[in-house]
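Input: a single structure, listed below in structure tokens.
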Number of protein chains: 2
Amino acid sequence: MNVRARQREVTRATLLRESRRLFAARGYGAVSLSEIVAAAGVTKGALYHLFESKAELFRAVLEQVQQEVARIVAETADAEDDPWTRFTAGCQAFLTASTAPDIQRIMLVDGPAVLGWNEWRAMDEAGSGSHLADVITELIDQGLIPPQPVAPLTHLLSGAMNEAALWLAASGDPEAHLPDTRAALARMLDALRLP
Amino acid sequence: MNVRARQREVTRATLLRESRRLFAARGYGAVSLSEIVAAAGVTKGALYHLFESKAELFRAVLEQVQQEVARIVAETADAEDDPWTRFTAGCQAFLTASTAPDIQRIMLVDGPAVLGWNEWRAMDEAGSGSHLADVITELIDQGLIPPQPVAPLTHLLSGAMNEAALWLAASGDPEAHLPDTRAALARMLDALRLP
DNA sequence: TATCGTGACATACCGACGGTATGTGAAAGG
DNA sequence: CCTTTCACATACCGTCGGTATGTCACGATA
């Protein structure tokens with residue numbers, strides 16, 4: 001790889017790292033581009049050479065965060081053989097991962113507001129969202145869940161886990177409430193299962 | 001009431017109405033104060049005389065929206081005698097009410113991002129959120145739901161309904177998908193019930 | 001290796017935004 | 001009446017996101 005192309009990647013990675021840190025700490029609206037480029041040690045010229053706008057920079061950060069979460073969920077789920085266990089383990093992994101503060105603010109709070117809910121949803125479905133729909137489809141096919149349209153149930157569960165993660169992180173002591181929340185989620189998932 | 005005090009209320013109501021319309025249509029970030037005061041037929045002096053900041057104006061709008069939703073939910077629920085039916089009817093009413101586009105963007109998308117999730121949650125609990133926690137507590141007391149901590153289950157259900165409403169409104173044809181979504185929610189709620 | 005185009009930035013600047021300080025005229029109080 | 005108060009209007013500010021232009025090292029070509 002070229003020196004130029006490599007340097008470009010370094011600058012881009014630095015901007016992504018610093019903007020992710022600042023966005024996570026104080027939110028999209030409260031962080032200025034001047035702040036970001038100062039933290040990254042470059043100027044606005046560099047930023048606008050690499051990203052089209054502030055919103056596009058945020059989108060790139062969000063993409064990175066979502067892929068991290070999707071990877072964790074996929075790895076946890078794939079470690080299980082039983083389809084039902086894959087389902088519940090993946091959900092629990094998502095809940096735990098989404099409790100991290102930087103993932104919270106970027107992925108769950110600012111994401112929909114900055115990009116609009118439609119685009120946010122589209123990005124989510126390219127990440128962990130599709131895993132959920134896939135595994136639910138599988139469970140219906142195998143007769144473990146009553147036959148039903150997949151999309152509504154997927155969004156009910158996705159929203160439940162998102163909100164639970166937000167509450168967990170905001171509740172002061174996530175570690176303390178995690179067991180109860182995991183238990184409540186487990187009860188909810190088990191309740192969906194056919195006898 | 002004074003002429004002055006009455007005029008003040010008129011101006012305030014006009015600003016709330018116009019800003020709600022604009023916030024709902026294009027989102028908090030994309031609407032400027034100049035636009036709002038122009039639509040309301042006043043100047044920024046009036047706006048800053050009545051509200052401390054743009055965020056405080058938004059908070060006043062959100063408060064209004066949340067109270068409307070809470071009223072609908074409460075009226076629907078209170079029309080039922082059976083505790084379990086009160087629960088499910090209230091949830092269905094919330095789902096339907098939250099599908100309205102202006103309620104969507106203001107209450108579910110921009111609310112957490114503009115005010116922060118903690119403040120948004122606090123406001124929600126002053127509105128329809130507390131109803132949900134109350135009725136769940138009641139159902140546990142009556143032995144209709146397994147004994148468990150109330151908060152985690154409340155947030156799981158609240159998040160499920162929020163996300164389902166967002167998906168419903170974004171799915172192009174809400175009327176078409178509403179029955180399936182209501183059915184999925186009903187299944188989820190029934191699954192929580194003790195035999 | 002001399003040349004020259006290209007690209008990865010830096011610099012300088014713009015209009016618009018949220019917010020504030022001050023002015024004004026009509027209603028309220030005496 | 002006369003004075004105070006208050007619901008605004010006017011004029012202005014610093015900062016923001018965004019852009020147009022300059023600069024200089026790299027890299028391909030002869």
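The analysis underlying the following values was restricted to heavy atoms, covering all of them including side chains, and did not include hydrogens, waters or symmetry mates. Protein chains get the first letters and strands the later ones, always in sequence-line order, with residue 1 at the start of each.
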Check whether any side-chain heavy atom of Arg20(B) lies under 4.5 Å from a side-chain heavy atom of Ile106(B), and answer yes or no. yes
For a 4.5 angstrom cut-off between non-hydrogen side-chain atoms, does Trp120(B) reach Val114(B)? no
Using a strict heavy-atom distance below 4.0 Å, which residues from residues 38-51 of chain A are in contact with DNA chain D? Lys44(A), Tyr48(A)
Tell me which donor-acceptor pairs under 3.5 Å the side chains of residues 23-35 of chain A have, and how far apart each pair is, sequence neighbours excluded?
residue  : atom : partner  : partner atom : Å
Arg26(A) : NH1  : Glu35(A) : OE2          : 2.9
Arg26(A) : NH2  : Ala30(A) : O            : 3.1
Arg26(A) : NH2  : Glu35(A) : OE1          : 3.0
Arg26(A) : NH2  : Glu35(A) : OE2          : 2.6
Tyr28(A) : OH   : Ala55(A) : N            : 3.3
Ser32(A) : OG   : Glu35(A) : N            : 3.2
Glu35(A) : OE1  : Ser32(A) : N            : 3.3

Separation of atom CD in Glu35(B) from atom P in dG15(C), rounded to whole Å: 20 Å
In whole angstroms, how far is the C1' atom of dT24(C) from the CZ atom of Arg4(B)? 13 Å
Applying side chain to side chain contact (heavy atoms under 4.5 Å, CB included), can you list everything that pairs with Thr43(A), at least two apart in sequence or on another chain? none
Contacts of Ala38(B) that satisfy side chain to side chain contact (heavy atoms under 4.5 Å, CB included) - sequence neighbours left out: none
Please give, in whole Å, the distance from dA26(C) C1' to Asn2(B) CG? 13 Å
Between Thr99(A) and Gln104(A), which heavy-atom pair has the shortest distance, and what is it? CA-NE2, 3.6 Å
Let me know the distance between CG of Leu33(A) and C1' of dC17(C), rounded to the nearest Å. 14 Å
For a quick check of understanding: with a heavy-atom distance under 4.0 Å over all strands, which category does Arg8(B) fall into, base, sugar-phosphate or nothing? sugar-phosphate
Ion pair check, Glu63(A) and Arg59(A), cut-off under 4.0 Å: no
Group every Ile, Leu, Val, Met, Phe, Trp and Tyr by side-chain heavy-atom contacts under 4.5 Å, then state whether Met188(A) and Leu178(A) land in the same group. yes
So which of residues 10-25 of chain A are in contact with DNA chain D, with a heavy-atom cut-off of under 4.0 Å? none
Residues passing the ring-ring contact (aromatic ring centres under 6.0 Å, His included) test with Trp84(B), sequence neighbours excluded, are Phe87(B)
Take the protein atom CZ of Arg6(A) and the nucleotide atom P of dC26(D), then report the distance between them rounded to whole Å. 12 Å
To the nearest Å, how far apart are Ile36(B) CD1 and dC17(C) C1'? 12 Å
Rounded to whole Å, please give me the gap between CZ in Arg26(A) and P in dC16(D). 10 Å
